Amino acid sequence: MSTALKLATWNVNSLTVRLPHVLDWLNSQRPDVLCLQETKQEDSKFPYAALAEAGFNAVHNGQKTYNGVAIISPHPIAQVQFDIPGFVDAQKRIVAATIGGIRVVSAYVVNGQSVDSDKYQYKLQWLAALQDWLAAELKQHDRLAVLGDYNIAPDDTDCHDPAAWEGQVLVSPPEREAFQRLLDLGFHDSFRLFNKEAGQFSWWDYRMAAFRRNMGMRIDHILVSEALRSHCLDCIIDKAPRKLERPSDHTPVMLTLGI
DNA sequence: ATGGTTGTTAAACAA
């Protein structure tokens with residue numbers, strides 16, 4: 001007898017603004033795990049009560065104005081970890097927890113702004129720290145899923161116009177190599193287990209009617225450990241929330257596991 | 001066309 005578990009990730013670009021969308025989505029999809037990024041609020045502002053009303057527990061690692069990550073689940077949330085251990089970072093980009101025997105990480109990878117920026121160097125350093133930490137996590141947790149906004153389009157098929165973006169942040173070779181090093185730890189890009197088509201995106205810039213023209217990137221990912229790979233049943237990008245009034249610029253990605 | 005939009009917070013900064 002097996003149970004279906006639904007694990008999702010969504011960069012909401014301000015939970016203050018997007019809470020109605022998130023509550024509607026939680027109520028319609030009833031995921032077992034929803035990881036959020038860019039909540040952009042201090043923990044004192046996080047809507048624990050509204051989520052509890054809908055039947056969900058939550059843990060949040062937030063800060064004012066920027067960043068902020070959360071894990072939401074109807075199940076008990078245990079062994080909560082904030083930030084990357086041993087990596088000094090003023091920015092709130094990681095929360096991890098164990099839910100239903102699965103180790104779950106909600107990650108908001110640094111954007112990097114442009115390849116000649118100090119923020120890009122921070123991005124590469126941050127990714128190196130993430131890799132070291134995930135290597136250690138894998139040793140403790142066979143069933144590990146790392147969900148989030150990676151701010152990396154792993155392949156040219158994940159970018160609407162590879163020629164125009166060549167060498168830029170989100171697609172530059174050093175970032176893609178960092179992403180590959182995560183896969184080399186033993187992770188799988190769960191979306192690509194099911195869908196090899198180009199033009200499947202999770203983020204579209206607000207400008208230039210990019211969503212309508214499908215000028216996007218696939219930068220939100222659900223990486224799963226080897227032990228979870230054979231349990232993956234489906235992974236989809238749900239474009240419906242991106243079509244709503246006042247949407248986030250990202251839309252949810254959701255993995256279904258048969259456990 | 002080196003543009004455009006959104007969010008936070010009050011003129012930029014980040015994405």
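Worth saying up front: this structure is predicted, and the values here are computed from it rather than measured. Just so it is clear: chains get the letters A, B, ... in the order the sequence lines come, proteins before strands, and each one is counted from 1.
Nucleotides B:dA12 and B:dA1, compared at atom C1', are 24 Å apart to the nearest Å. Comparing the P positions of B:dA14 and B:dT9 gives a spacing of 14 Å, expressed to the nearest Å. Nucleotides B:dA10 and B:dT6 have their C1' atoms positioned 16 Å apart, rounded to a whole Å. Comparing B:dA11 with B:dG7, their C1' atoms sit 14 Å apart, to the nearest whole Å.
A close approach under 4.0 Å does not occur between any side-chain nitrogen or oxygen of A:Lys64 and OP1 or OP2 of B:dT8. Contact check, A:Arg246 against B:dG7: a side-chain N or O comes under 4.0 Å of OP1 or OP2. In terms of phosphate contacts, A:Arg207 brings no side-chain nitrogen or oxygen within less than 4.0 Å of OP1 or OP2 of B:dA15. OP1 and OP2 of B:dG7 both lie 4.0 Å or more from every side-chain N or O belonging to A:Thr65.
Atom C1' of nucleotide B:dA14 and atom CG of A:Asn67 are separated by 9 Å, given to the nearest angstrom. If you measure from atom OH of A:Tyr206 to atom P of B:dT6, you get 8 Å, rounded to the nearest angstrom. For A:Gln113 and B:dC13, the CD to C1' distance is 8 Å, given to the nearest whole Å. Per the geometry, CD belonging to A:Gln37 stands 14 Å off P belonging to B:dA15, to the nearest Å. Per the geometry, NZ belonging to A:Lys123 stands 15 Å off P belonging to B:dA14, to the nearest Å. Going from atom CZ of A:Arg212 over to atom C1' of B:dT5 covers 14 Å, rounded to whole Å. The distance between atom CG of A:Leu170 and atom P of B:dA14, rounded to the nearest whole Å, is 16 Å. Here B:dT8 presents its P atom at 17 Å from CD of A:Gln91, a figure rounded to the nearest Å.
When heavy atoms are screened at a 4.0 angstrom cut-off, A:Tyr108 is found touching the sugar-phosphate backbone but no base atom.
Comparing A:Thr16 and A:Asp205 by the nucleotide of DNA chain B whose heavy atom lies nearest to each, the residue mapping closer to the 5' end is A:Asp205. Mapping A:Pro247 and A:Gly112 onto DNA chain B by nearest heavy atom places A:Pro247 at the nucleotide closer to the 5' end.
Around the CG atom of A:Asn27, the shell of radius 6.0 Å holds more than 12 heavy atoms that belong to other residues, nucleotides or ligands.
Linking ILVMFWY side-chain heavy atoms closer than 4.5 Å, directly or via other members, places A:Leu170 and A:Val110 in two distinct hydrophobic clusters.
When only modelled atom types and interatomic distance are considered, A:His160 and A:Trp165 share a side-chain donor-acceptor pair under 3.5 Å.
No side-chain heavy atom of A:Leu147 sits less than 4.5 Å from a side-chain heavy atom of A:Ile71.
A:Phe211 carries A:Arg242 over the face of its six-membered ring, with the cationic atom under 6.0 Å from the centre and within 45° of the normal.
The side chain of A:Met208 lies closest to B:dG4, out of B:dG4, B:dG7, B:dA15.
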